[in-house]
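These values consider heavy atoms only, across backbone and side chains, with no hydrogens, waters or symmetry-generated copies.
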Amino acid sequence: MDKEDQPDFTQKSLPAGRQGKLKMKKNYYLREIILAFVIYDSLNYLFFRGDPGFMRVSLHPYWIAILLISCRYGFIPGIAVSIVASAHVILFILQKFPTRTGLEMMIEAGNFLLPAAFVIIGSLLGGIRQKYKDSQAQKEREMDRLQEDLRGANEQLQASEKARRILESRIVGETSTVKTLYVAAKKLETLNDQSIYSGCLDLLGEYFQVSKASLYIKSGDYFILKASRGLSQAEIVEGKAIEKNSIMALVLKQNSPVTVRDILQYKDSQDYIAQYGKVLAMFPLKDENGQTRGVVNIEKIDFLQLNKTNLELMELIVDWAGRALSNKQICDIALEKKFWDEEYDLYSFGYLSFALERELARAREFNTPLTLSLLKLEGFGFFHKATQDLLSRTVISLMKHNFAATDMFFRHRIDGVFVLISPQHPKNNVLANFEKLSQELKNRVLTQNCPPGMECNLNIYPVENNREIKGSGQFLELAEKSCGIGNI
């Protein structure tokens, strides 16, 4: 089921009547408190008339209401039920409305201990429950935010699909050349930036006889050349233009296509007079927010091809290229947040920071040891690809076999390096387990696969948690420095 097809169970999506019921449920504990003490008073009056307030009972019945309501609803309800229970006890002991003198007599007689215990226990249990509820609410808010991000990505994907459908519908009634253009435009359905850049210019050149064109991406105060068609080597080497001095700045201001005719109509067009003869049309390469991220320049084209219909089709091709780049960025973001590396069957490096921060907080909360280790295959880069893959998979298999079941294994961003998080294990335990792993690895693989004249070893660089470590970033940085990759 798509995200947009799933029902929304938030309070805003409910009818007004059901919203009112949800608001009533927020104060439902008040009715439970009233009902509980009505039952208590009724039972007291009917069956324990000689013991007002159950004062002779060893385990006071009011504890049931305090425990249940505090543990179910949180801090405020816990305080409320404790106060009601304490008030009942005080009224039954004094047999009248409490005064200052009466309360002082209760304290002196030691009868104030039970009401005080009600309030203290009720507030403590309610506070514990409230902390859990607040944590749950925070997680729900984070989940809502992630759902909003996913909804935004879904809307962008739908917009891209809409553009594809519009292009398809317009091409159906055109000539065979335009139909061929639609089929060829599928080369933009790629997740490689350079393929999208060059593919866009190839389509313009093949089907609109554009013999000279260039594609620039804005980076800071410059336009950077990313792809070209028909440019001289000197123009390609130059490859950069300052925004304020370039005629491409007009596209940024207008955020729409600009032709030679349009340029002459701008009031500040004299600033670009030296560049008039270089560009016939410019198309904005837009991002997912509709803002210009780059410019496609048409510098030389068959004069008969420079008509309104073809300009609209070229704009559509450039727009499609922009959406392809946006989809590629969305995919990159999703891959960065992916926590499992399916190739090697272990956690990905993108998940390391979150997991390490969580384990670091847990170790400090419960005062348990935590060790972060980097395992590095020395000389890994000198092996062939097949041997590298064999070594990596063997190391991962032996890590899972020799280290504790609670340990977490990650693939580092550098090939041949692996990360190990060892909760509840000090550095010495990790080193002891590594010795067994290292010996088994040497016997099984390293002695048989090392290139002539080379020795390949697996080394470990453990760092144990201490009070000087402020967070996961510093923790990982220390381990990387000890491994010798801190500046990579």
Side-chain angles (χ1 to χ4, degrees), residues 339-341 344-383 388 390-450 454-488:
F339 74 94
W340 191 254
D341 190 316
Y344 286 116
D345 195 29
L346 75 171
Y347 291 113
S348 68
F349 186 76
Y351 181 60
L352 174 61
S353 178
F354 174 80
L356 183 57
E357 191 68 40
R358 181 188 61 190
E359 294 299 332
L360 190 59
R362 185 177 298 167
R364 290 175 177 172
E365 180 179 358
F366 297 103
N367 196 26
T368 56
L370 175 66
T371 302
L372 176 67
S373 308
L374 263 62
L375 285 79
K376 181 181 179 183
L377 280 165
E378 305 293 348
F380 185 80
F382 292 96
F383 289 90
Q388 289 179 346
L390 173 63
L391 287 174
S392 297
R393 296 183 184 278
T394 304
V395 169
I396 294 169
S397 176
L398 293 176
M399 286 169 62
K400 294 179 179 179
H401 180 263
N402 286 277
F403 287 102
T406 56
D407 291 353
M408 302 175 68
F409 311 101
F410 297 81
R411 182 179 182 180
H412 197 272
R413 64 177 183 273
I414 300 175
D415 291 338
V417 180
F418 305 93
V419 184
L420 170 67
I421 298 179
S422 302
Q424 303 182 10
H425 289 283
K427 181 178 178 179
N428 293 337
N429 290 0
V430 175
L431 290 174
N433 290 332
F434 173 75
E435 288 299 328
K436 295 185 293 183
L437 182 152
S438 179
Q439 187 60 43
E440 187 174 349
L441 181 64
K442 288 181 180 179
N443 295 336
R444 183 182 299 186
V445 175
L446 296 186
T447 56
Q448 304 175 16
N449 291 278
C450 285
M454 257 210 72
E455 182 177 358
C456 180
N457 294 314
L458 178 68
N459 294 325
I460 188 169
Y461 303 88
V463 177
E464 191 167 355
N465 179 33
N466 57 66
R467 295 184 180 274
E468 297 180 358
I469 296 176
K470 303 301 182 183
S472 61
Q474 183 184 5
F475 206 174
L476 179 60
E477 183 179 354
L478 291 173
E480 290 180 337
K481 284 184 178 179
S482 68
C483 185
I485 61 174
N487 297 323
I488 296 180

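Of all heavy-atom pairs spanning T371 and H425, the tightest one is OG1-O, 2.7 Å. Considering all non-hydrogen atoms of both residues, F349 and L476 come closest at CZ-CD2, 4.1 Å. A pairwise comparison of heavy atoms in L360 and S472 identifies CD2-N, 3.9 Å as the closest pair. Summarising the geometry of A479 relative to S482, their closest heavy-atom pair is O-OG, 2.7 Å, with the distance given to 0.1 Å.
Between N402 atom CG and K436 atom NZ the span is 6.0 Å, to the nearest 0.5 Å. Going from atom CD1 of I469 over to atom CD of E464 covers 9.0 Å, rounded to the nearest 0.5 Å. Here the CG atom belonging to D345 is positioned 12.0 Å from the CZ atom belonging to R411, to the nearest 0.5 angstrom. The CE atom of M399 sits 8.0 Å away from the CD1 atom of I460 when rounded to the nearest 0.5 Å. The line from NZ of K376 to CG of N459 is 8.5 Å long, rounded to the nearest 0.5 Å. Note that the NZ atom of K427 and the OG atom of S373 stand 9.0 Å from one another [nearest 0.5 Å].
E468 places a side-chain heavy atom less than 4.5 Å from the side chain of N466. Within the 4.5 Å cutoff, side-chain heavy atoms of F409 are placed close to those of F403. Using a 4.5 Å heavy-atom threshold, the side chains of I485 and L374 count as touching. Side chains of L420 and L375 form a contact here, defined as non-hydrogen atoms less than 4.5 Å apart. In this structure, the side chains of L370 and I421 come closer than 4.5 Å at one or more pairs of heavy atoms. L352 has its side chain out of reach of Y347: every pair of non-hydrogen atoms, C-beta onward, lies at least 4.5 Å apart. Residues E480 and H412 have side chains in contact (heavy-atom distance under 4.5 Å, counting atoms from C-beta outward). Using a 4.5 Å cut-off on side-chain heavy atoms (C-beta onward), S392 and F418 make contact.
A salt bridge does not link E365 to R362: none of the charged side-chain nitrogens sits closer than 4.0 Å to a carboxylate oxygen.
Between L372 and the options L356, L478, V430, a side-chain contact (heavy atoms from CB on, under 4.5 Å) holds for only L356.
No donor-acceptor pair under 3.5 Å is formed between the side chain of S438 and the backbone N or O of F434. Looking only at distances, no side-chain donor or acceptor of Q388 sits under 3.5 Å from a matching main-chain atom of G416. Not one N or O on the side chain of E359 forms a donor-acceptor pair closer than 3.5 Å with the backbone of P423.
Crowding of Q424 atom CD: a count of heavy atoms from other residues, nucleotides or ligands under 6.0 Å not exceeding 12.
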